Amino acid sequence: ALGASSDASPYSADLETTALEDISSYNNFYEFGTGKTDPAKHAHQLTIDPWSVEIGGMVDRPGTYGLEDILGKVTLEERIYRFRCVETWSMVVPWVGFELNQLLSLAGVQGAAKYVAFETLYRPDEMPGQKTVSLEWPYREGLRLDEAMHPLTILATGIYDDPMPKQNGAPLRLVVPWKYGYKSIKSIVRVTLTDKEPQTTWNMLQPSEYGFYSNVNPQVSHPRWSQAYEKPIGGGLFAKRQETLMFNGYEEEVARLYDGMDLVVNH
Amino acid sequence: MSLVDRINAAARKMPVWGLYVVGALWPAWLFYLAASGGMGAEPVKALEHELGRLALKALILGLCVTPLRAMIGLNLIRFRRAIGVLTFYFVSVHLLVWLVLDVQILSEIWKDILKRPYITIGMAAFLLMVPLAITSNNWSVRKLGPRWRKLHRLVYPIAILGGVHFVMIGKTWEKDALVYLAIILALLAWRVIQTAKKRKSREQGARVARRSVS
């Protein structure tokens, strides 16, 4: 079920991909600890079968959707995307997944809905980081509806034609390639359509550092560090820094979503 | 012979240069680990952070010398200068890794130092350490006299700046960094209490002296 169709998607970037070893060993997934290697160490405890997603709020067909049922109704494909962490490191990841808009049409979005809210599994027995107060659990993220419907926005179930490693957010995670990595919420169990801007975890912790939009923007610094450059993971001790691209290189596809918006205020 | 006596006896026989050799090679070992894939997918940050933690550990060890002597009679004073000089060396390598391997771009380095408070604080701590490193020799101790002791009290603000620098890097309140800062603050609080006690007993002594004179 995880195999991607052979035709390359026009949304896939023609870039050299980061090694799976690096993608699956250097992670931020605070549910398993705040260290970069904690997720790879602890995520094996997570049970991902069975898995279901509760879709609710302003939808015509609310309910609990089993992951197998969802995967039977969507088209999986490979998407090679740039991935830029707010901490200034970056990767190129060959995701396997399907467009979020396919899931949303399964549930039937109502006309008044303006935002999509997401929640990660809360299961402290299997996610030791949730026994600490590093963040407010469960992890929450959100998108404006037009961002969520954009064909670049996917729900990923695998990497390199393999099932998603647990430390990368198995079995189902969001990927929004033009936003900082923490927007791409992992191990999703709840999707809610709403007409109000949803609360998001990092924004709740420190709004001056983590805005609701969190679009990759080399001109807007994180208050504690510049976002002008990034370090590609996998280049070793002497890897050169690279300039960070506006919207992480997806300016042509997504800039119009923010026409007329002040991207400093709405960072 | 008690355990402390035995450690003291062993420490008297240990050459100080041995500590310098181990300390000098430690960052080289870390560098080798980082270069050979032993520090994970992002070796630059790993090496930088490991060196920073090493410097803080050495700094804390140096701050432990006096309380250990006062509380349990453990005498490591012979090694204190070496510990201090090595701390400066670890911080210097930490700074070099940040400059050359991490930030890389000269204009960005300058901007970071001016605009990013945790880096400003780290740089301030480094600059304050320079006069201490320069005067860590017998000639300076003789030449400066009592002023040498005063100058080297700079290590207290340096320790606070170092601990705060570590705490400020975290995206959340990192337990690791908070533990370092707490240990530093505890070691400094011990000194504040000792000074207050000494002052009190001096004042009491003076009162007793005055009374016996009258």
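Letters go in sequence order (proteins before strands), and every chain restarts at 1. Please read these numbers as outputs of a predicted model, since none were measured by experiment.
- Residues of residues 198-219 of chain A that come closer than 4.5 Å to chain B, counting heavy atoms only, are A:Trp202, A:Leu205, A:Tyr210, ordered by residue number.
- Residue contact with chain B, scored on non-hydrogen atoms closer than 4.5 Å, involves the side chain of A:Leu135 exclusively.
- Taking 4.5 Å as the heavy-atom cut-off, none of the residues of residues 117-131 of chain A approach chain B.
- The candidate from B:Lys111, B:Lys115, B:Glu174, B:Lys45 with the greatest count of non-hydrogen atom pairs under 4.5 Å with chain A is B:Glu174.
- Atom CE of residue B:Met168 and atom CG of residue B:Leu161 lie 10.5 Å apart, to the nearest 0.5 angstrom.
- Between chain B and the residues A:Ser221, A:Gly235, A:Ala228, the largest count of heavy-atom pairs under 4.5 Å involves A:Ser221.
- Take B:Ser2 and apply the side-chain hydrogen bond (donor to acceptor under 3.5 Å, both in side chains) test, not counting sequence neighbours, and it matches B:Asp5.
- The candidate with the highest count of non-hydrogen atom pairs below 4.5 Å against chain B, out of A:Ser226, A:Ser25, A:Ser134, is A:Ser226.
- Among B:Val100, B:Asp102, B:Val97, the residue making the largest number of heavy-atom pairs under 4.5 Å with chain A is B:Asp102.
- At a 4.5 Å heavy-atom cutoff, A:Val133 makes no contact with chain B through either its backbone or its side chain.
- Among residues 236-243 of chain A, the residues having any heavy atom closer than 4.5 Å to a heavy atom of chain B are, in sequence order, A:Gly236, A:Leu237, A:Phe238, A:Ala239, A:Lys240, A:Arg241.
- In this structure, chain A has no heavy atom under 4.5 Å from any part of B:Met39.
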